[in-house]
Amino acid sequence: MAEIEPVADKVTSYFYALLFLRHPDLRVMFPAAMDVQRDRLFKALVTAAKHVDDAEILTEYLSHLGRGHRKYGTLAGHYPAVGECLLGALSRHATSSWSAETEAAWVRAYTAVSQIMIDAAAEDEAVAPAWWQAEVIAHELRTPEIAVVTVRPDQPYPFLAGQYTTVETPWWPRVWRHYSFATAPRADGLLSFHVKAVPAGWVSNALVRRARPGDVIRLGAPGGSMTVDHTTRNGLLCVGGGTGIAPIKALVEDVAERGTRRPVEVFYGARSDYDLYDIDTMLRLEQVHPWLSVRPVVATGAVRGRPNGVSGQLPDAVRRYGPWREYDAYLSGPPGLIRSGVDALLGVGIPSDRIRHDSVEELVTTGYR
Ligand SMILES: NC(=O)C1=CN([C@@H]2O[C@H](COP(=O)(O)OP(=O)(O)OC[C@H]3O[C@@H](n4cnc5c(N)ncnc54)[C@H](O)[C@@H]3O)[C@@H](O)[C@H]2O)C=CC1
């Protein structure tokens, strides 16, 4: 991996060129623009290599990957073709470390990896569809860039509060992006997402500016482990930045449904007062739940009309309050916030096994664009 990492771009470009030259029929399974796809392949290789000594984490990661590949139409028969081209690309770029021995090691590793993915996909086939179709039934613009999109899946969609899914729009086939569910599972089966149109974001711009009630999108399977630990009575310290408030709101609803009245402290951060697009919903929840406290935090300017508003960065705001030793922490938002937030939470005495957030690598490569 050390020899491959600095030339990752070349390796993945070469790999896809080989794959499409040798197997042109597979090209239709991939999006028109391959930039994000290329990053994804390499991130998957790095993640697998990173956990190579921890069979449990590796199997969980690969199983999730295998199940996730069902929505692309991936079949067991595709894996050998991919494996051959991967070896072709690696052997061409890892020239100084390549030998019969390394080749045999890669073949063994790839065979094991693909078997776990194939088995997980086959198991999943018996219990869940490869994807869900979902009709947009409401589209509410909260700011010119942020929409709350509510959809009705064509069949029951089981998930846990705090999880995310992948979304494909009809306008950009085979381009999938992650979005967290903005509510806990609802009795009416509806799902909603907070989407911010980001520059050059294919899916996010389509969802904010084009999608209207009646349009049909596709959803992949749910994922993510930022879910409430119901085995403890610890309080929840929730830090949500920007649209990262969406899964935090879902967690609050989950605690409310359980009726356990654990203290929940939400720090809701935005660049400015104007960007606190969901503050009214959060404050309404605070009014009905005595165990919930919501503190808006803005990076610039002041929070108007909210006496408990804080000016500054989210991690600093969290440090200013507390103590947090009796709390589990949940972090959601931009990758930079997750990184500095984890440091702040460790610093205030919350051990790492009680800090939950989505994978920063996933947020970076498969972001919300
Ligand atoms: N499950 C998750 O973790 C979710 C993550 N997201 C991510 O959240 C982001 C939302 O984007 P925007 O609304 O434009 O957010 P934004 O850029 O407006 O930032 C939101 C908040 O995070 C703070 N922040 C940003 N970078 C920081 C850093 N390096 N250190 C400390 N604080 C920082 C800002 O000061 C602000 O308070 C996207 O990157 C999206 O991918 C969105 C939904 C769910």
Side-chain angles (χ1 to χ4, degrees), residues 1-23 26-27 29-55 57-62 64-66 68-69 72 74 78-117 166 174-178 198-202 334-343 352 357-369:
M1 279 320 271
E3 201 183 346
I4 295 298
E5 217 156 345
V7 288
D9 272 2
K10 284 189 183 154
V11 180
T12 48
S13 297
Y14 192 83
F15 159 75
Y16 281 112
L18 273 187
L19 187 67
F20 298 149
L21 276 172
R22 292 185 189 169
H23 307 278
L26 296 185
R27 181 64 182 92
M29 294 173 64
F30 291 85
M34 290 290 294
D35 48 350
V36 174
Q37 195 66 38
R38 275 199 286 270
D39 285 353
R40 278 183 179 177
L41 174 73
F42 195 70
K43 283 279 170 354
L45 281 178
V46 171
T47 308
K50 208 164 81 186
H51 298 300
V52 74
D53 296 325
D54 189 332
I57 294 186
L58 185 63
T59 306
E60 194 184 309
Y61 171 73
L62 293 171
H64 178 67
L65 206 59
H69 272 66
Y72 307 131
T74 307
H78 293 141
Y79 282 86
V82 169
E84 266 166 39
C85 298
L86 194 58
L87 277 191
L90 291 169
S91 62
R92 188 178 166 92
H93 289 92
T95 37
S96 60
S97 56
W98 201 257
S99 64
E101 218 171 281
T102 36
E103 177 162 341
W106 272 102
V107 170
R108 271 199 311 279
Y110 182 79
T111 310
V113 161
S114 50
Q115 200 53 54
I116 295 172
M117 291 177 67
T166 43
R174 298 176 297 283
V175 181
W176 295 81
R177 293 290 182 267
H178 285 47
V198 295
W202 297 31
L337 167 65
I338 308 264
R339 291 193 193 96
S340 56
V342 168
D343 288 346
S352 58
H357 58 83
D358 287 334
S359 144
V360 176
E361 283 90 10
E362 284 267 311
L363 283 169
V364 172
T365 40
T366 53
Y368 290 62
R369 283 178 278 180

Check whether any side-chain heavy atom of Met29 lies under 4.5 Å from a side-chain heavy atom of His69, and answer yes or no.
no

In short, Ala44 meets Leu65 closest at the heavy-atom pair CB-CD2, 4.2 Å

Would Arg177 and Val175 count as a side-chain contact (heavy atoms from CB on, under 4.5 Å) here? Give the steps.
CA-CA 7 Å; Arg177 293 290 182 267; Val175 181; 3.5 Å; yes

Would you please indicate yes or no on a ring centroid separation below 6.0 angstrom for Phe30 and Tyr72?
no

Should Ser96 and Glu3 be marked as a side-chain hydrogen bond (donor to acceptor under 3.5 Å, both in side chains) after you check the CA-CA gap, both sets of side-chain angles, and the distance that decides it?
CA-CA 8 Å; Ser96 60; Glu3 201 183 346; 2.9 Å; yes

Nearest heavy-atom neighbours spanning Trp176 and Arg40
O-NH2, 2.9 Å

Would you say Thr12's side chain and Asp9's backbone share a donor-acceptor pair under 3.5 angstrom?
yes

How far apart are the C-alpha atoms of Tyr110 and Leu86, what are their side-chain angles, what is the distance that settles it, and do they pass the side-chain contact (heavy atoms from CB on, under 4.5 Å) test?
CA-CA 9 Å; Tyr110 182 79; Leu86 194 58; 4.0 Å; yes

Can you tell me how far apart CG (Asp35) and OG (Ser13) are? Round to the nearest 0.5 Å.
10.5 Å

Sequence neighbours left out, what passes ring pair (Phe, Tyr, Trp, His ring centres under 6.0 Å) with His78? Give chain and number order.
none

Under the side-chain contact (heavy atoms from CB on, under 4.5 Å) test, residues paired with Thr102 that sit two or more places apart
Trp98, Ser99

Please give me the minimum heavy-atom distance between Cys85 and Phe15, naming the atom from each residue.
C-CD1, 3.6 Å

Over 12 foreign heavy atoms within 6.0 Å of CZ, Arg92
no

Might you point out which heavy atoms bring Val52 and Leu58 nearest each other, and give the distance in Å?
CA-CD2, 4.2 Å

Is there a ring pair (Phe, Tyr, Trp, His ring centres under 6.0 Å) between His51 and Tyr61? Walk through the geometry before answering.
CA-CA 9 Å; His51 298 300; Tyr61 171 73; 7.0 Å; no

For Val11 and Leu90, which heavy atoms make the closest approach, and how far apart are they?
CG1-CD2, 4.1 Å

The test is side-chain contact (heavy atoms from CB on, under 4.5 Å); show your working for Met34 and Arg27 and say whether it passes.
CA-CA 11 Å; Met34 290 290 294; Arg27 181 64 182 92; 3.7 Å; yes

Output the distance between atom CG (Asp358) and atom CD1 (Ile338), rounded to the nearest 0.5 Å.
7.0 Å

Could you state the interatomic distance from CG (Leu337) to NE2 (His357), rounded to the nearest 0.5 Å?
10.5 Å

Shortest non-hydrogen contact between Tyr79 and Thr74, atoms and distance:
CE1-CG2, 3.8 Å

So how far is it from Leu26 CG to Tyr16 OH, rounded to the nearest 0.5 Å?
11.0 Å

The reported gap from CG in Leu41 to CG in Leu19 (rounded to nearest 0.5 angstrom) is 10.0 Å

